[in-house]
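Heads up, the thing below is written out as structure tokens.
We count residues from 1, following the sequence as given. Below, all heavy atoms of this structure are taken into account, side chains as well, without hydrogens, waters or symmetry copies.
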Amino acid sequence: MQDIFYPSNDGKNTIHAVVWKPEGEAKGVVQIIHGMCEYASRYAPFAEFLNKNGFIVCADDHLGHGKSVKTPEDLGYFNDAGDYSIVVEDIHRLKLTVQKETGDLPWFVLGHSMGSFFCRKYISLYGNEFKGAIIMGSGFKSKATLNTALFAVKLNALFCGWHHRSKLIKNLAFGSYNKKFKPNRTANDWLSKNPQNVDNYEADELCGFDFTNNGYKILFSVIKQACSKKVINAVPKNLPVYFVAGEMDPVGDYGKGVIKACNKFHKAGIKDISITLYDDCRHEILNDDCKEQVEQDVLDFISENLQ
């Protein structure tokens with residue numbers, strides 16, 4: 001694993017990213033866009049699996065996450081402008097940075113959870129540069145729901161500031177996620193039915209922190225973008241898109257939101273769309289009991305679209 005650093009598009013911070021390289025000649029590159037309240041290096045086991053199969057892997061720590069933060073107070077705070085597009089351009093800058101070494105190797109992108117919504121916006125802008133996109137742990141929310149969420153965040157920020165970490169906003173966003181998994185062992189049972197993964201997440205100081213109002217504004221804004229007709233219509237019609245999620249993932253409304261997103265892509269005329277929902281698996285499918293099957297399914301999708 002190689003650490004790299006490059007300037008953020010916010011003109012203020014430095015982005016930390018990691019690159020995993022295979023032994024021997026590479027077949028292609030897979031760029032990972034991580035989720036909320038986690039960081040790039042959590043994907044090391046999956047990256048090493050892809051390395052063994054001949055792929056370079058890269059991932060950045062978004063602003064407010066991982067080693068892209070200067071102090072613990074910066075966790076969950078993206079940028080002073082409150083602009084999701086800065087995060088999207090930081091993601092693209094990683095691609096441009098790594099491509100200086102990889103040249104014209106075929107390129108794939110995978111976004112998980114919050115990263116899946118950034119990925120959906122990303123491919124609407126730069127989709128022609130990819131051979132395929134994997135949308136993991138995603139879903140679909142209505143414009144009305146997201147406008148209400150954004151109003152609540154802006155109202156809270158008006159009184160408490162953009163750095164404030166609101167328990168109310170957190171409860172509105174995620175308070176229902178654990179309900180299907182009662183009796184609850186932890187507040188994060190919805191992440192995985194594998195208790196060790198949940199415990200590892202909770203023990204990690206760079207995971208599970210509370211988002212600031214700034215963080216929620218950008219989160220809800222990029223979800224609104226990703227679910228908009230305009231953005232979905234802008235995805236290249238010939239880009240292969242593979243949706244993968246746990247059947248018991250509340251982010252995807254237990255499969256219904258994932259299917260709805262797929263249908264929206266299909267309606268937009270995107271020709272090659274596929275979906276796999278993993279029985280009895282929750283949100284972090286790369287850390288759940290279905291992990292090996294997910295890895296193989298993603299590898300198969302990438303291999304089929306190399307040319």
Side-chain angles (χ1 to χ4, degrees), residues 20 30-53 55 57 59 65 108-120 123 132-141 174 176-181 184-202 204 207-208 223 226 240-262 265 273-304:
W20 294 268
V30 180
Q31 181 175 4
I32 295 173
I33 306 173
H34 74 72
M36 176 183 179
C37 301
E38 58 159 355
Y39 53 96
S41 296
R42 288 191 78 223
Y43 292 81
F46 178 54
E48 289 161 6
F49 166 80
L50 291 174
N51 285 167
K52 289 176 183 176
N53 286 279
F55 292 92
V57 181
H65 293 78
F108 295 83
V109 62
L110 181 154
H112 168 69
S113 191
M114 177 185 75
S116 76
F117 296 103
F118 276 115
C119 185
R120 285 158 62 175
I123 60 175
I134 301 99
I135 311 298
M136 179 178 288
S138 202
F140 193 90
K141 298 294 181 187
F174 305 109
S176 65
Y177 279 13
N178 243 8
K179 287 184 178 179
K180 275 191 181 286
F181 309 109
N184 300 136
R185 190 178 65 88
T186 75
N188 290 301
D189 290 356
W190 62 276
L191 289 177
S192 174
K193 67 176 183 178
N194 184 320
Q196 187 59 56
N197 176 52
V198 176
D199 290 345
N200 290 344
Y201 179 90
E202 294 213 322
D204 194 328
C207 288
I223 295 174
V241 179
Y242 185 27
F243 285 86
V244 290
E247 184 188 38
M248 295 300 293
D249 181 1
V251 173
D253 195 17
Y254 310 99
K256 289 183 288 186
V258 188
I259 292 169
K260 187 168 186 177
C262 278
F265 272 58
I273 309 164
S274 50
I275 179 173
T276 301
L277 297 175
Y278 296 89
D279 292 347
D280 199 31
C281 287
R282 303 181 190 179
H283 185 55
E284 289 199 335
I285 53 176
L286 282 173
N287 293 310
D288 216 328
D289 292 348
C290 56
K291 171 186 174 179
E292 291 183 1
Q293 187 61 54
V294 176
E295 290 178 337
Q296 188 59 52
D297 289 345
V298 171
L299 177 63
D300 289 347
F301 169 80
I302 292 168
S303 300
E304 288 165 7

For W20, give me all partners under ring pair (Phe, Tyr, Trp, His ring centres under 6.0 Å), at least two apart in sequence or on another chain. none
For F49 versus E295, what's the shortest heavy-atom pair and its separation? CE2-O, 3.3 Å
Closest approach of C290 and C281, non-hydrogen atoms and distance? SG-SG, 3.0 Å
Return the set of residues passing ring pair (Phe, Tyr, Trp, His ring centres under 6.0 Å) with F265 (not counting sequence neighbours), or none when no residue passes. F243
How long is the gap from CZ on F117 to NZ on K141, to the nearest 0.5 Å? 8.0 Å
With a 4.5 Å limit on heavy-atom distance, are the side chains of I285 and V244 in contact? yes
Spatial distance of atom CG (L110) from atom CG (L50) [nearest 0.5 Å]: 8.5 Å
As an exercise, state the distance from NZ of K179 to CG of N184, rounded to the nearest 0.5 Å. 11.0 Å
Salt bridge (Lys or Arg N to Asp or Glu O under 4.0 Å) partners of R42, counting only residues at least two apart: E38, E284
Do R282 side-chain atoms and D189 backbone N/O form a donor-acceptor pair below 3.5 Å? yes
Return the set of residues passing side chain to side chain contact (heavy atoms under 4.5 Å, CB included) with K256 (not counting sequence neighbours), or none when no residue passes. D253
Looking only at heavy atoms, what is the nearest atom pair of I135 and C119, with distance? CD1-SG, 3.8 Å
Just to verify, what does D300 make a salt bridge (Lys or Arg N to Asp or Glu O under 4.0 Å) with, not counting sequence neighbours? none
So, for F46 and Y43, is the gap between ring centers shorter than 6.0 Å? no
Any sub-3.5 Å donor-acceptor pair from H65's side-chain atoms to C37's backbone N or O? yes
Can you find a heavy atom in the side chain of T276 that is under 4.5 Å from one in the side chain of Q293? no
With sequence neighbours excluded, residues passing ring pair (Phe, Tyr, Trp, His ring centres under 6.0 Å) with F118: H62
For the atom pair CD (E292) and CD (Q296), what is the distance rounded to the nearest 0.5 Å? 9.5 Å
Candidate pair D199 and R185, rule side-chain contact (heavy atoms from CB on, under 4.5 Å), full reasoning: CA-CA 10 Å; D199 290 345; R185 190 178 65 88; 3.0 Å; yes
By side chain to side chain contact (heavy atoms under 4.5 Å, CB included) - contacts of N194 (at least two apart): S192, Q196, N197, D288, D289
Measuring from atom CG of L277 to atom CD of E247, what distance do you get when rounded to the nearest 0.5 angstrom? 7.0 Å
Please list, chain by chain and in numerical order, all residues satisfying side-chain hydrogen bond (donor to acceptor under 3.5 Å, both in side chains) with K193, sequence neighbours excluded. D280
Quick one: list whatever passes side chain to side chain contact (heavy atoms under 4.5 Å, CB included) with N188, sequence neighbours left out. T186, W190, L191, V198, Y201, E202
Check A226 against R120 and note the closest heavy-atom contact, atom names and distance. O-NH2, 3.5 Å
Quick check: closest heavy atoms across S138 and V258, and the distance to 0.1 Å? O-CG2, 3.6 Å
Taking only residues two or more places apart in sequence, or in another chain, which ones meet D204 in a side chain to side chain contact (heavy atoms under 4.5 Å, CB included)? Y39, L206, C207
Residue list, side-chain hydrogen bond (donor to acceptor under 3.5 Å, both in side chains) with H283, at least two apart or on another chain: S113, D249
Taking ring pair (Phe, Tyr, Trp, His ring centres under 6.0 Å) as the definition, give me every residue that meets it alongside F301, ordered by chain and number, with sequence neighbours left out. Y242
